[in-house]
Chemist: 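Just dropping this structure here.
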Amino acid sequence: MKKIILSVFIASAFFQSCTNDDDGNGSNTVTAPSTYEFTRDGNSTVSFSGQTTRIEMGQELIDALKDTSKSEEDLDGMFTNTGDKFADAELNASSKNIRSKTAASADYFSANTTDANAIKADFDTWIKAQVDEVYPNWNVDAVSGTAGKIQESGGGSTRYVNAKGLEYNQAVNKGLIGALMVDQALNNYLSPAVLDAGSNRADNDTGTVAEGKNYTNMEHKWDEAYGYVYGQNANAADPNLDLGADSFLNKYIGRVEGDSDFAGIADDIYQAFKLGRAAIVQKEYSIRDQQAAIIREKISEIIGIRAVYYLQQGKAVLANNKGAAFHDLSEGFGFIYSLQFTRKPNTDEPYFTKSEVDGFINTLTDGNGFWDITEEALDAMSNTISAEFNFTTAQASSAE
């Protein structure tokens, strides 16, 4: 807890309106606005419609994974935006798609197409397996080694799992939080490789806007990172008012914020986004990068906290409520998968490598998977994950 308090203290120091600039311009003041609103000549410069579109596409896809009338072609069409498979005609008409931005960040995957292709293939596999394995057994009772339905105790929700107890829809949903939202925000749009690409810094220094737009390219790249976090909020300028606006990263920022052990983390992320954007406007790039580091640390913590939370929730009911346990472990599976897209601040490394994540996944799916997993194995994974962050397993397991 001392580490958490220290981290919050350091973060809050960055949020102060006065700071020393080390870009060679002397001492300057960066003041963040009260909400995420920035203008030029009286018109907004904030734009992240592409991110909102992809979040909406992701929502339709994860909903469709629970619709047995859908074919593999239907689901693949939503992942790639081909064949007019969305119910929303505007999404079908969009030039955007999910798959091309999955595991596609400049920092992690531009020079690592092997892993990028393998990760995209995981999503392809989960989508296909939902149709091939789970849909045909929709009305069959799941048992070890057989896909089907399993109801939570006490007349609770019915879950639809593969032969190992995994809900593929949860793997896709929570996996996209990391592979799309986190990777694009932390490792792409907040990266100096993207923010400062080409003439971006020179253009931002002179206030040269992108062709036909009211924003500079650097402003827009920062906003695109913001959009992957807040693109569905009713009031995106003040998103803490309605956290949980989507089924992806925004939802779980809200969930973690609701735990007293982590209260304030949502505002830490929001304040860093605001101050970093204000620093771009005021051409204070070292301050911009300080705020990016805060965002990377805090959003990465969200992924780690939820991975541990779901492992511990699954462990708590594993012996007497397989339906609830498998649902929690399926969500944990997706958050563990997302750990490889996290980012240690001031480094080029995730908190856990793909190889380490693959090891966790192998532990969860070995043999008959969730049917065979032990409480000891879940504790060992939880403690390994917690040890890399500034929280304990006990703190993470008490979240809502």
Side-chain angles (χ1 to χ4, degrees), residues 53-88 91-92 94 96-103 119-142 146-152 156-182 232 244-252 306 310 314 323-338 341 361 364-365 369-370:
T53 294
R54 288 192 178 91
I55 293 171
E56 291 171 349
M57 289 176 171
Q59 186 64 59
E60 275 214 38
L61 173 60
I62 62 173
D63 289 344
L65 285 164
K66 295 179 285 185
D67 181 352
T68 58
S69 72
K70 300 297 184 184
S71 65
E72 182 185 348
E73 180 183 0
D74 292 331
L75 299 174
D76 283 340
M78 294 181 189
F79 192 40
T80 61
N81 194 15
T82 56
D84 293 340
K85 300 302 182 181
F86 291 110
D88 186 338
L91 297 182
N92 291 324
S94 173
K96 312 298 182 185
N97 70 76
I98 303 169
R99 193 180 193 277
S100 68
K101 292 295 185 180
T102 297
I119 291 163
K120 288 178 171 68
D122 284 339
F123 286 91
D124 294 335
T125 297
W126 296 333
I127 289 169
K128 177 177 173 56
Q130 180 75 350
V131 176
D132 291 348
E133 300 171 20
V134 178
Y135 284 179
N137 281 21
W138 204 254
N139 295 312
V140 174
D141 289 331
T146 301
K149 60 183 173 68
I150 183 168
Q151 188 175 24
E152 296 181 7
S157 298
T158 298
R159 308 300 180 181
Y160 300 91
V161 302
N162 73 356
K164 295 177 183 286
L166 173 66
E167 294 176 85
Y168 287 122
N169 60 298
Q170 291 298 334
V172 173
N173 185 350
K174 276 55 180 187
L176 281 176
I177 292 175
L180 178 63
M181 287 77 183
V182 172
Q232 281 289 86
D246 62 37
S247 298
F248 299 100
L249 182 56
N250 190 274
K251 175 179 180 177
Y252 292 98
R306 293 312 285 188
Y310 283 118
F326 290 1
H327 179 60
D328 287 325
L329 294 178
S330 294
E331 294 192 86
F333 177 104
F335 275 105
I336 285 172
Y337 192 85
S338 289
F341 309 102
I361 297 299
L364 286 170
T365 58
F370 298 166

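Only this structure's heavy atoms are used, side chains among them; waters, hydrogens and symmetry mates stay out. Note that the structure is predicted; figures quoted are calculated from it, not measured.
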Chemist: Where do R159 and S330 land on the side chain to side chain contact (heavy atoms under 4.5 Å, CB included) test, with the steps shown first?
Modeler: CA-CA 10 Å; R159 308 300 180 181; S330 294; over 6 Å; no

Chemist: Quick one: are Y168 and N162 in side-chain contact, heavy atoms under 4.5 Å?
Modeler: yes

Chemist: Is the shortest side-chain heavy-atom distance between F86 and E56 below 4.5 Å?
Modeler: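 The answer is no, as the side chains (C-beta and beyond) never meet within the 4.5 Å cut-off.
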
Chemist: Donor-acceptor pair, distance only, cut-off 3.5 Å: does the side chain of K96 make one with the backbone of R54?
Modeler: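 No; zero donor-acceptor contacts below 3.5 Å.
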
Chemist: Less than 4.5 Å apart, side chain to side chain, heavy atoms only: is that true for V134 and V161?
Modeler: no

Chemist: Does the side chain of Q59 come under 3.5 Å of the side chain of D63 through a donor N or O and an acceptor N or O?
Modeler: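 Yes, side-chain donor-acceptor contact under 3.5 Å.
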
Chemist: Is there side-chain contact between K149 and W138, with at least one heavy-atom pair below 4.5 Å?
Modeler: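 SC-SC contact between K149 and W138 ruled out.
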
Chemist: For a side-chain contact (heavy atoms from CB on, under 4.5 Å) with F79, tell me which candidate from M57, R99, K85 qualifies.
Modeler: R99

Chemist: When you compare the side chains of S71 and D74, does any donor N or O come within less than 3.5 Å of an acceptor on the partner?
Modeler: yes

Chemist: Kindly state whether the ring of F370 and the ring of F333 have centres lying under 6.0 angstrom apart.
Modeler: no

Chemist: Checking side chain to side chain contact (heavy atoms under 4.5 Å, CB included) for the pair N137/Y160: CA distance, chi angles, key distance, verdict?
Modeler: CA-CA 9 Å; N137 281 21; Y160 300 91; over 6 Å; no

Chemist: Do you know the tightest heavy-atom contact between S338 and G178?
Modeler: OG-N, 2.9 Å

Chemist: Does I62 reach the side chain of F248, with side-chain heavy atoms less than 4.5 Å apart?
Modeler: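 SC-SC contact between I62 and F248 confirmed.
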
Chemist: Do we see a donor-acceptor contact under 3.5 Å between the side chains of K70 and Y135?
Modeler: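 Checked: K70/Y135 side chains show no N/O donor-acceptor pair below 3.5 Å.
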
